[in-house]
Amino acid sequence: MTRLPFLISVPHSGLTIPEEVRSLCRLNRDDIQNDSDGGAGDIYSILESHVQCFVNTDIARAVVDLNRPDDDFSKDGVIKTHTCWDVPIWSSPLPKILCDTLLEKYYYPYHQKLASLAGNPSLVLGIDCHTMAATGPPIGPDPGEERPFINLGNLGHSSCPEIWAMSMVECFQKYFGDNVTLNHPFKGGWITRHYSRLMPWIQIEISRAPFLTDSEKGLKILSALRMWTEKMPIIR
């Protein structure tokens with residue numbers, strides 16, 4: 001089987017609170033799950049055996065957000081103070097030495113792997129893969145708004161060619177209907193922005209609304225990406 005020429009990144013599927021900060025974390029299992037990309041592990045793991053490169057993590061986004069720059073220590077930064085639902089994460093502020101430990105053990109290895117793979121000349125496209133709440137949470141670009149089934153983002157056509165993104169929209173519409181958007185509500189995060197300097201990159205967000213099972217969502221995403229790959233000679 002020929003593998004699709006993609007580098008897949010799944011940065012927000014993890015649920016593990018690292019031992020270093022477990023005693024300081026106030027979140028219960030539901031809080032951790034609600035702040036993660038629920039279903040992302042089951043949805044995107046379907047792609048792993050069909051693509052050339054696949055990178056993911058088991059660390060919870062609430063502890064280390066891999067889709068942020070390493071110097072962003074804001075409320076919703078790389079090491080957060082609150083979840084996206086505005087739930088406080090820590091019983092007391094984390095000292096700098098502990099933040100540095102989290103970055104060294106869990107953040108930098110993920111990005112070192114992405115950086116080493118992004119220069120592979122056999123790869124056509126990097127894809128940062130996410131799930132999103134069915135309606136916008138308090139911390140987000142669209143609080144309270146209903147979201148589409150699929151949101152593709154290419155940073156307003158700066159992370160990959162517009163014709164590529166528009167063609168991918170058409171492929172996703174084949175499997176998800178007209179409820180597919182481009183660059184709304186999300187244009188793409190830090191991973192898309194940072195690694196598009198090395199190769200074309202796009203972000204996929206799929207709604208966590210129960211319009212399909214997670215397995216069905218994953219299979220339809222795979223079908224849409226396979227269709228797009230088959231059109232590549234036309235759109236390159």
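All residue numbers in this chain count up from 1 along the given sequence.
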Would you please say whether a donor-acceptor pair under 3.5 Å links the side chains of Ser167 and Glu170?
-> no
Here the pair of heavy atoms bringing Ala40 nearest to Val10 is CB-CG1, 4.2 Å
Any idea which heavy atoms bring Ser13 and Thr57 closest together, and the distance?
-> OG-O, 3.6 Å
Under 4.5 Å between any side-chain heavy atoms of Tyr175 and Ile221, yes or no?
-> no
Compute whether any side-chain donor of one residue and acceptor of the other, for Tyr108 and Asp70, lie under 3.5 angstrom apart.
-> yes
Check: Tyr195/Ser9 side-chain N/O donor and acceptor closer than 3.5 Å | no
Where does the angle between the aromatic ring planes of Phe172 and Phe176 fall among parallel (under 30°), tilted (30 to 60°) and perpendicular (over 60°)?
-> parallel
Atom of Met168, atom of Leu125 and distance for their closest heavy-atom approach | CE-CD2, 3.7 Å
Are more than 12 heavy atoms from other residues, nucleotides or ligands located less than 6.0 Å from atom CZ of Arg29?
-> no
Does a salt bridge link Arg26 with Asp31, judged by any charged N lying under 4.0 Å from a carboxylate O?
-> no
What one should report as the nearest heavy-atom pair of Gly189 and Gln203 is N-OE1, 2.9 Å
Would Ser74 and Asp72 count as having a side-chain donor-acceptor pair, cut-off 3.5 Å?
-> yes
Would Ile8 and Trp201 show up in the same hydrophobic cluster when neighbours are defined by side-chain heavy atoms closer than 4.5 Å?
-> no
Say whether Glu145 and Thr135, considering side chains only, have a donor N or O and an acceptor N or O under 3.5 Å apart.
-> no
Any Pro18 side-chain heavy atom under 4.5 Å of Val63 side chain | yes
Trp164 and His157: aromatic ring centres closer than 6.0 Å?
-> no
Between Tyr44 and Gly39, is there a donor-acceptor pair closer than 3.5 Å when you use the side chain of the first and the backbone of the second?
-> no
Examine Lys217 relative to Phe211 and say whether NZ or CZ is less than 6.0 Å from the centre of the six-membered ring and inside a 45° cone about the ring axis.
-> yes
Are any non-hydrogen side-chain atoms of Leu222 and Leu4 less than 4.5 angstrom apart?
-> yes
Ignoring hydrogens and angles, tell me if any N or O in the side chain of Lys80 forms a donor-acceptor pair with the backbone of Asp76 under 3.5 Å.
-> yes
Over all atoms of both residues, closest heavy-atom pair of Leu155 and Arg193 = CD1-CA, 3.5 Å
Can you tell me if Glu20 and Tyr106 form a side-chain donor-acceptor pair at under 3.5 Å?
-> yes
Using a distance-only test with no angle check, is there a side-chain donor-acceptor pair under 3.5 angstrom linking Ser207 and Arg147?
-> no
If you take all heavy atoms of Cys160 and Ile202, which pair is closest and at what distance?
-> SG-CD1, 4.2 Å
In sequence, state the C-alpha distance, the side-chain angles, and the governing distance for Ser36 and Arg61, and then conclude on side-chain hydrogen bond (donor to acceptor under 3.5 Å, both in side chains).
-> CA-CA 6 Å; Ser36 76; Arg61 172 183 181 269; over 6 Å; no
Test log, rule side-chain hydrogen bond (donor to acceptor under 3.5 Å, both in side chains), inputs His12 and Asp65 = CA-CA 7 Å; His12 289 164; Asp65 191 335; 2.6 Å; yes
Besides Met132, the hydrophobic cluster formed by Ile, Leu, Val, Met, Phe, Trp and Tyr side chains linked at under 4.5 Å, directly or via other members, contains Phe186
Hey, what do you get for CG (Leu152) to CG (Leu182), rounding to the nearest 0.5 Å?
-> 6.5 Å
